[in-house]
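Notes to accompany the following structure.
The sequence lines fix the lettering, A, B, ..., with proteins before strands; numbering per chain opens at 1. From a predicted model like this one, the values you see are computed outputs, not experimental measurements.
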Protein chains: 2
Amino acid sequence: MCAEVTEFARALKDAGLRVTQQRMTVMSILMDAQDHPNADELLSRTRAVDDSISLATVYRTLSVLEEAGLIQKLALENEPARYEITPTAEHDHIVDVETGEVIEISNEEINRLRRAMVEELGYEIVSQHTLIRARKVK
Amino acid sequence: MCAEVTEFARALKDAGLRVTQQRMTVMSILMDAQDHPNADELLSRTRAVDDSISLATVYRTLSVLEEAGLIQKLALENEPARYEITPTAEHDHIVDVETGEVIEISNEEINRLRRAMVEELGYEIVSQHTLIRARKVK
DNA sequence: AACAGTAATGAGAATGATTATCATCTTATT
DNA sequence: AATAAGATGATAATCATTCTCATTACTGTT
């Protein structure tokens, strides 16, 4: 993890942001997360490492990291936003409507088609995301 | 509009819901809307017709109509949800990051690809939506 | 058309996620 | 180490949305 942490500190500096304990903690927790935690979940996980961290700082850190492009916010319909490290490959999500589980999917063909369609309308994509609510077929 | 209104009243009954002034008003406003209004905007537009309608009822009506499948909720990142009449053809949205304008797009090829991908994972789609944030190319 | 039963409404309180405030503490720079 | 600008913790404030509850309005039945 050491290399990644250094890398992350550099990314913060490049964005003109200070490298703080709290930001490093939140980021490392998010790096280790296999799921897509929300702010509350991040608070409790970070508190296992540093019990002084506040909810306000978690939110502030998340929004600062998002602006810097280091993480991505996942706005869901009826629950708090979830976060993930900005993935190397652009991808979308399936939310299992029964369990709430989030599954990552990606399809280059779809991305290409979307990009072409948006370009035809005279736009350039800033960000895009597909959210599919689905249920397991028995 | 008369035929549509009758049709809508039937849809409410079919869903086991009462046909009320407020529901009819909200629905007709939404039918006439060329944009994708949020709850507040719907409140002020409905009040031009019936100034007794309350914000709570707008929200209740919206959620009831959504459950009945008559309208669709559009969850955006950092602003209140927007609503639209359930479109005959499944479609997605581009949000212009500069103006906030919402543009509808659709592409059957993409829909097909998505459905196939989700099926392969053993899921069936309940609903799906793509939100693209984009800026106009100058 | 009046009735009864029950769902829907209006007004405002309550909730829950997120953001703002401000005094204090840290980081980066000299 | 000293400084100045930024970041933090604690908590208050905000904003969208939901809930509560007394009152009102649909709907099916006489």
Could you check whether the side chain of Arg60(A) and the base of dG6(D) have a donor-acceptor pair of N or O atoms closer than 3.5 Å, going by distance alone? no
Ranking Arg47(B) and Asn78(B) by the position along DNA chain C of their nearest nucleotide, the one closer to 5' is Arg47(B)
Distance col, row Glu104(B):CD vs His91(B):NE2, nearest 0.5 angstrom, shows 3.5 Å
Strictly below 4.0 Å: does Thr20(A) bring a side-chain N or O up to OP1 or OP2 of dT8(D)? yes
Rounded to whole Å, CZ of Arg23(B) lies from C1' of dA25(D) at a distance of 12 Å
Gly69(B) and Thr86(B): which non-hydrogen atoms are nearest, and at how many Å? O-OG1, 2.8 Å
Determine yes or no for a side-chain-to-main-chain donor-acceptor pair under 3.5 angstrom, with Glu41(A) supplying the side chain and Asn38(A) the backbone. yes
Is the side chain of Thr61(A) donor-acceptor paired with the backbone N or O of Arg23(A) at a distance under 3.5 Å, no angle test? no
Run the side-chain contact (heavy atoms from CB on, under 4.5 Å) check on Thr130(B) and Arg114(B) step by step: do they pass? CA-CA 11 Å; Thr130(B) 299; Arg114(B) 273 204 299 238; 2.6 Å; yes
Could you check how far OH of Tyr59(A) sits from P of dC15(D), rounded to whole Å? 17 Å
Whole-Å distance between dA7(D) P and Leu65(A) CG? 11 Å
Between dC26(D) (C1') and Leu17(B) (CG): distance, integer Å: 12 Å
Under 4.0 angstrom, heavy atoms only, what part of the nucleic acid is Ile53(B) near: base, sugar-phosphate, or nothing? sugar-phosphate
When you look at CZ of Arg47(A), are more than 12 heavy atoms from neighbouring residues, nucleotides or ligands closer to it than 6.0 Å? yes
5'-most to 3'-most nt of DNA chain C touching chain A (<4.0 Å, heavy-atom partner on protein side) reads dA17(C) to dA28(C)
Have a look at Leu55(A) and say if it touches a base, only the backbone sugar-phosphate, or nothing, with a 4.0 Å heavy-atom cut-off. base
What nucleotide, of dC26(D), dT8(D), dA16(D), holds the atom closest to the side chain of Asp40(B)? dA16(D)
Which whole-number value in Å describes the distance from Met24(B) CE to dC26(D) P? 11 Å
Phosphate contact (dG9(D) OP1 or OP2) by Gln22(A) side-chain N/O below 4.0 Å: yes
For Ser63(B), report the nucleic acid contact type (base, sugar-phosphate, nothing); a contact means any heavy atom under 4.0 Å. nothing
Hey, which sits more toward the 5' end of DNA chain D by its nearest nucleotide, Glu79(B) or Gln21(B)? Glu79(B)
Between dA16(D) (P) and Leu43(B) (CG): distance, integer Å: 12 Å
Using a heavy-atom cut-off of under 4.0 Å over every strand shown, decide if Val19(B) touches base, sugar-phosphate, or nothing. sugar-phosphate
N/O (side chain, Arg18(A)) to phosphate O (OP1/OP2, dA5(D)) under 4.0 Å: no
Please report the C-alpha distance between His36(B) and His93(B) in whole Å, then the side-chain angles of each, then the deciding distance to 0.1 Å, and finally whether the ring-ring contact (aromatic ring centres under 6.0 Å, His included) criterion is met. CA-CA 11 Å; His36(B) 301 73; His93(B) 296 92; 5.0 Å; yes
Could you give the CG-to-C1' distance, from Leu12(A) to dG6(D), as a whole number of Å? 13 Å
Are Tyr59(A) and Leu74(A) in one and the same hydrophobic cluster, where Ile, Leu, Val, Met, Phe, Trp and Tyr link if side-chain heavy atoms are under 4.5 Å apart? no
